Structures are given as structure tokens and as C-alpha cells.
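Below is one structure; the comments refer to it alone.
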Amino acid sequence: MTLENFNYRTDPLFLRNQFSAHADKYGIPIIPKSKFVNYELQDLRLLRFDQVKKDNGAHANRMVHFFLYDYLFESLWKNPEPFVEDLSKYLGVMTPDFSMYIEMPAAVQLYNTFRNRWCGAYLKTKGLRVVPTINWGTEESFDFCFAGVPKGSAVAVSTYMFHAHNNHAEQKDLFMRGYQEMLRQIEPEHIICYSEPFKEMTGNIIYVDYDLSSWKHMNDDIVKDSGIKHIIGYTSCLNKPVITKTGFVMKGGGSAYGGEWRPKDEDDERLVGKPGEIKESTHDGYKTLTKIGESGYAERERHFTDHNNSNKRTDPHDHIITWEDNHPNFSKPINYEDEKVPEFKNHLTDQEVNKTMSKIYSNDSNKFETIDEFKKSVLWGCEVEFIYRGKFYGITRLEVNNINLYSPKENGFEGIDIMLPSIDALLDYEIDGARIRDIILDAEITGRNL
């Protein structure tokens, strides 16, 4: 073993084992308590971590926060030393809010809790006042997500992702279960709450409003009758005007998808209804027909317009609507330029839709049963991949009259990368002397995905 290899693998920054004081069996580091006097937290404002270097201590009475996308502060975890001097210029530093979405495996949530506490323990050794940011997933995370924080510490939380916003339902119950457990395990002295508190929250809450911590008020650090007070011993400020929180990306907890999708206006109402219902409406000034699937959410929609782009869409055209990420996803347009437009209501029965959709969106079946099934897959925007005589081929519909057939160069094979003007031209294209229509039902299908 070379000395270089030995030094690398025993480097404490690689092992992350510098802190002998840890909270539990997982080795999560303990962050010693930092003390703040009441006046320091009165009318508290925050500063984004990614603005620290630019700010250069100009707003030293602020506390640095990490309610940002993780990629904006991964650098602190990878190499914290270069940030210490800049961070030391401020009132305090919250620990990095590595995401704890409930869709994450428990192992990832545990890892992100460890990283949160490790960064806090490290900054504490450098003399900074550190406030642990507390985040949690479901009850399964309660075994570790509050570890490393001594009883009576000041802590920080954010309610932003748990409030109803955009098309997503409130996730208050999820937040409050974790919040109550945090109160029980940590018994915090102060709770800095970034974004509007829920009225059910108890404790010594310091409400930090987004707007007053934003760039618009960077040169206005003296609060003058804002209508919202950031107070020690918070009981309720919800009967006072609340500044709308807009124009800023926050993340970290709850569902990564933001909670159950729900209509937010009359236009969105067209996407929910009774299973099998065909809803007629006007959307952006043109007529639409929306078919509601068995789940009560839209599964297909017809637009009676070409959106002023006749090269890519016909009037009318259809879209398949899927909900894999708890949000309506519209497929590429299904155009009818050279085809008779089918009656929307009877285009496919529910059983036929489910059968066809399961084939289009699944790689489980490695054969097409009919040419019609293959045509639908391509026309509905699927990327079809198959193996024929040991070679890989891919098919992608790029535009109404553009279907791309491609195959990479390998082992003396020159490859293919051509555009075909229609589905019939594709079916008549020959590979090794055989038309695609004659080989596609026997070819091994390795992918059919949107």
C-alpha cells in the first residue's frame, strides 16, 4: 500500500469519524448547544447560504439558512473548511437541510440526517453558533431524525412544503406528527419557523417570514410595523396579515411531489370527475374533451386546435394523460393528419385503454401482438427499442411527419439514422431485406417508453 492510498483512506474527512460524541447506534454526531439571548432573535431574518460569499458579512445580524435545493450546498458537505471564515461573520448558521422526502428509502433519510448533524458538529468546532435544522419523514424516521440534538437546544424547522400550494393538498398531519415528536425528544428552547406556522404548533416559536428575509429587504433590516411580529413566546400571529411567499424555491420535507394533487381553479376541474365520464370544456379558448379514467382522474384529452403550429399538431389531436408523479403528464400529441379522426367517446373501451396503456408504459412484454398495437405505440409518442438479428434498433416519433429509425455502428455494421415521413413508410422500411412490418412481431422488444 502506498502512503498516498493510506492517507486517503484514513483521512477523517473521508471516514467522517472525527466526533467521538455521538447520539446513537448510527454514530450520528452530537451538536453542542448554542446560546442566544432574546434580543438577537427578535425580528430575526435569514440569509441564503448561496448568497454568503457575495454578501461578505454586510448583514451580520442575520442567520444563514439552507432551505434550498441540496445541490446548492453539497459543497459544504464535501469540503467545509473553505466556508468557515465567511459563515463566521453571521449571527449563527443553521445546519444544511438535506432532503427528507417520504418517498426516499430510510437509508437515504438516515444518511441525510447524519450529514446534517456532521456539518453542524464541524462548524461548532470552528467556533460558530449552530442551530440544528430538524426534518423528518414518516414515523419510521423518528428513530434517528432527532438524534444528535441535545435537549433544550434552539432548532429550526420549515413548514413551507407542508402547506397547500399550487395544486397540492396540505400535509399538516404529516408535519404535526413529526413536530410533536420533536417537542417530546428535544424539548427545544427556541423553534425558528421558516414560513407560516400552523395554528396547532406550540412552543417558543420564532416566526421568520420569507418576504422579510428575501433580497427585497436586504437593505431594510429594521422592521417598521410590518404587520407581522417575530416574537419569543409565540402563541398565534395568524390573525394578522401574512405576506404571500412567492418567487423562491424551498424544499426538504413532506412528499417530494408536494402532497395529493387537487384542482386549484375551474380549468383544472376538467381533469377530475366520475370514472368513464367525458367532460366538455373550453381550455385556453379552444374546445376540449376530457375522458376520466377509473381512478377519477383524466386519462385522455382531445384538443380542437393546432395551437397555431400545424407542422407539429393537427386539429384535433389527442393527449394521453398519466399521473405517475402525482401530477398530470400530457403525452406527445397523437395526430390524425392522414387518418380518420376516431369518435372520442368510443375510440377505445376502458378495458382496451388499460390493456394498451399497460403495454405502452411497461417493458414487461417483449413482443407486440399486432401491427396495430405497434402503430399505436409509435403514434402515441413511445420510444420503441428492439433487437433483430443481434442488432439494436430504436424508433422515436419526433414530429407529425418525422419518425426516426436509428441503430449504432458496431462490429463493421454501418448503423442507421434516418427520418421516415409516416408510420406506413416505417413499416415498409427494409432491414436486411425484410420489411419492419414483417419482423416487428417477432423481434425482441427491449423498451417501449414515453
Side-chain angles (χ1 to χ4, degrees), residues 13 16 18-19 21-24 26-36 40-41 44 46-52 62-101 104 108-137 141-142 144-161 178-179 182 185-186 188-195 206 208 213 250-253:
L13 193 60
R16 306 285 173 165
Q18 299 97 319
F19 307 111
H22 54 80
D24 59 6
Y26 300 114
I28 295 175
I30 293 175
I31 303 174
K33 288 193 290 186
S34 296
K35 296 297 293 183
F36 297 88
E40 292 179 303
L41 301 179
L44 179 65
L46 306 183
L47 180 72
R48 295 169 47 159
F49 168 72
D50 59 346
Q51 297 295 313
V52 164
R62 296 196 176 205
M63 192 175 292
V64 178
H65 77 84
F66 292 81
F67 296 117
L68 310 163
Y69 283 130
D70 294 28
Y71 73 87
L72 292 171
F73 52 82
E74 285 280 352
S75 54
L76 179 68
W77 160 253
K78 293 177 180 177
N79 186 20
E81 181 61 33
F83 299 97
V84 170
E85 182 179 354
D86 288 330
L87 291 173
S88 67
K89 299 173 183 177
Y90 296 90
L91 173 67
V93 180
M94 297 177 178
T95 56
D97 183 41
F98 292 104
S99 295
M100 293 280 286
Y101 293 124
M104 287 177 167
V108 178
Q109 295 184 40
L110 174 60
Y111 175 59
N112 281 348
T113 300
F114 177 90
R115 295 202 291 171
N116 176 311
R117 306 298 192 268
W118 187 95
C119 290
Y122 179 88
L123 294 174
K124 187 69 178 175
T125 65
K126 300 298 181 179
L128 280 67
R129 287 195 289 181
V130 176
V131 175
T133 302
I134 310 299
N135 210 337
W136 52 86
S141 69
F142 294 176
F144 55 81
C145 67
F146 307 112
V149 183
K151 287 183 180 294
S153 298
V155 300
V157 299
S158 173
T159 60
Y160 177 77
M161 282 295 290
Y179 185 81
M182 179 193 73
Q185 291 197 31
I186 299 176
E189 180 181 17
H190 303 296
I191 304 164
I192 300 171
C193 182
Y194 195 43
S195 192
I206 303 159
V208 180
S213 290
M250 288 192 282
K251 38 51 70 193

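All of these numbers come straight from a predicted model, not from anything done at the bench.
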I need the [X] [atom1] to [Y] [atom2] distance, nearest 0.5 Å.
X: R16; Y: W77; atom1: CZ; atom2: CH2; answer: 4.0 Å
X: E74; Y: N79; atom1: CD; atom2: CG; answer: 13.0 Å
X: N135; Y: F67; atom1: CG; atom2: CZ; answer: 8.0 Å

Legend entry - K78 atom NZ, over 12 foreign heavy atoms within 6.0 Å: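 No, NZ of K78 has 12 or fewer neighbouring heavy atoms, counting only those of other groups under 6.0 Å.
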
Inset, instruction - In plain terms, say whether E189 and K33 are close enough for a salt bridge, that is, a side-chain N and a carboxylate O under 4.0 Å apart. - result: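 The answer is no: the pair does not qualify as a salt bridge.
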
Legend entry - Residues K35, E40: salt bridge by 4.0 Å N-O rule: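 Answer for the salt bridge query: no.
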
Inset, instruction - Output all residues satisfying salt bridge (Lys or Arg N to Asp or Glu O under 4.0 Å) with E85, sequence neighbours left out; order by chain, then residue number. - result: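 So E85 forms no salt bridge (Lys or Arg N to Asp or Glu O under 4.0 Å) with any residue.
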
Legend entry - Polar contact flag, side-chain donor to acceptor under 3.5 angstrom, N116-D97: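 The criterion, which ignores hydrogens and geometry beyond distance, is not satisfied for D97 and N116.
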
Inset, instruction - Decide whether S34 and K124 meet the rule of one side-chain donor and one side-chain acceptor closer than 3.5 Å. - result: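 There is such a pair (donor and acceptor under 3.5 Å, judged by atom type) between the side chains of S34 and K124.
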
Aromatic ring centroids of [X] and [Y] under 6.0 Å?
X: F83; Y: F49; result: yes
X: F73; Y: F98; result: yes
X: Y194; Y: H65; result: yes

Inset, instruction - Could you tell me which residues satisfy ring pair (Phe, Tyr, Trp, His ring centres under 6.0 Å) with F19, sequence neighbours excluded, listed by chain and number? - result: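 With sequence neighbours excluded, F19 shows a ring pair (Phe, Tyr, Trp, His ring centres under 6.0 Å) to W118, given in chain and number order.
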
Inset, instruction - For F142, check ring pair (Phe, Tyr, Trp, His ring centres under 6.0 Å) against everything at least two apart and list the hits. - result: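 For F142 the ring pair (Phe, Tyr, Trp, His ring centres under 6.0 Å) partners, ignoring immediate neighbours, are F146.
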
Inset, instruction - Please answer whether the main-chain N or O of Q109 pairs with a side-chain N or O of T113 as donor and acceptor at a distance below 3.5 Å. - result: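 Pair found, side chain donor or acceptor close to backbone of Q109.
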
Inset, instruction - Evaluate the side-chain proximity of H190 to L41: yes if any heavy-atom separation is below 4.5 Å, no if none is. - result: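 Heavy-atom side-chain distance check passes, below 4.5 Å.
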
